[in-house]
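For reference, the structure discussed in these notes is given below.
Count residues from 1 along the sequence.
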Amino acid sequence: MISIAAKKKVITDNRRHAKDSGSPEVQVAMLTERIVSLQDHFRANKKDHSSRRGLVLMVGQRNSLLKYLAGIDRERYNALIHKLGLRK
């Protein structure tokens, strides 16, 4: 779970305009933040398989959003990948 302050920071760092909270960039950044927090959770809880399923679903959703963004605007896609430090 991400704190409200962390969520606001992710939104303000990745939004495209002042009232943006749902663009693909923001959604990918939020999913990346949740994935990173779950990876920390799994270091302590290796046998939590139900949460691991949720992690796999989030990674798939993030990949779908990245594929959508790459199809729409390749420059925005490359900037987001570079900003978040993702391998693609």
Side-chain angles (χ1 to χ4, degrees):
M1 194 61 137
I2 307 171
S3 69
I4 295 173
K7 188 180 283 193
K8 285 183 181 180
K9 184 179 183 325
V10 169
I11 290 172
T12 56
D13 290 346
N14 295 291
R15 64 184 176 193
R16 298 188 64 210
H17 54 81
K19 293 187 176 188
D20 180 22
S21 63
S23 67
E25 290 93 340
V26 172
Q27 291 182 45
V28 169
M30 291 295 296
L31 283 169
T32 301
E33 188 70 25
R34 289 179 65 196
I35 288 168
V36 169
S37 70
L38 271 178
Q39 288 174 343
D40 294 337
H41 169 77
F42 288 128
R43 287 189 186 100
N45 304 293
K46 296 185 186 306
K47 295 185 179 184
D48 189 359
H49 299 298
S50 59
S51 293
R52 192 172 305 274
R53 180 180 183 274
L55 173 71
V56 170
L57 291 174
M58 279 189 261
V59 170
Q61 185 178 5
R62 182 177 68 178
N63 285 338
S64 297
L65 285 167
L66 287 170
K67 189 185 294 185
Y68 168 76
L69 187 60
I72 288 180
D73 189 353
R74 195 66 174 187
E75 291 177 12
R76 284 171 45 195
Y77 169 79
N78 288 331
L80 183 65
I81 292 295
H82 180 70
K83 185 176 186 177
L84 295 178
L86 299 175
R87 295 179 295 162
K88 287 285 174 176

Non-neighbouring partners of Tyr68 that pass side chain to side chain contact (heavy atoms under 4.5 Å, CB included), sequence neighbours left out: Pro24, Ile72
Under the salt bridge (charged side-chain N to carboxylate O under 4.0 Å, His left out) test, residues paired with Lys67 that sit two or more places apart: none
Atom pair CZ (Arg52) and NZ (Lys46), whose distance is rounded to the nearest 0.5 Å: 8.5 Å
Can you confirm whether more than 12 heavy atoms, excluding those of Gln39, are under 6.0 Å from its CD atom? yes
Residues in salt bridge (charged side-chain N to carboxylate O under 4.0 Å, His left out) with Asp20, at least two apart? none
Could you tabulate the donor-acceptor pairs under 3.5 Å formed by side-chain atoms of residues 79-87, not counting sequence neighbours?
residue: Lys83; atom: NZ; partner: Asp13; partner atom: O; Å: 2.3
residue: Lys83; atom: NZ; partner: Asn14; partner atom: OD1; Å: 3.4

Going by side-chain heavy atoms closer than 4.5 Å, which hydrophobic residues are tied to Met30, directly or by a chain of links? Ile2, Val10, Ile11, Val26
Single hit among His41, His49, Lys47 for side chain to side chain donor-acceptor pair (under 3.5 Å) with Asn45: His41
For Asn63, side-chain hydrogen bond (donor to acceptor under 3.5 Å, both in side chains) partners two or more places apart: Lys88
Return each pair, listed once, that meets side-chain hydrogen bond (donor to acceptor under 3.5 Å, both in side chains) where at least one residue sits in residues 25-35; pairs must be two or more places apart or across chains. Ser23-Glu25, Glu25-Arg76, Thr32-Arg62
For Arg43, which residues count as a salt bridge (charged side-chain N to carboxylate O under 4.0 Å, His left out) partner, sequence neighbours excluded? Asp40
Hits for side chain to side chain contact (heavy atoms under 4.5 Å, CB included) against Thr12, two or more places apart or cross-chain, chain-then-number order -> Arg15
Side chain to side chain contact (heavy atoms under 4.5 Å, CB included) filter on Ser3, not counting sequence neighbours, yields Ala5, Ala6
By side chain to side chain contact (heavy atoms under 4.5 Å, CB included), Arg53 pairs with (sequence neighbours left out) Leu57
Do you reckon Phe42 sits in the same ILVMFWY cluster as Val36, going by side-chain contacts under 4.5 Å, direct or chained? no
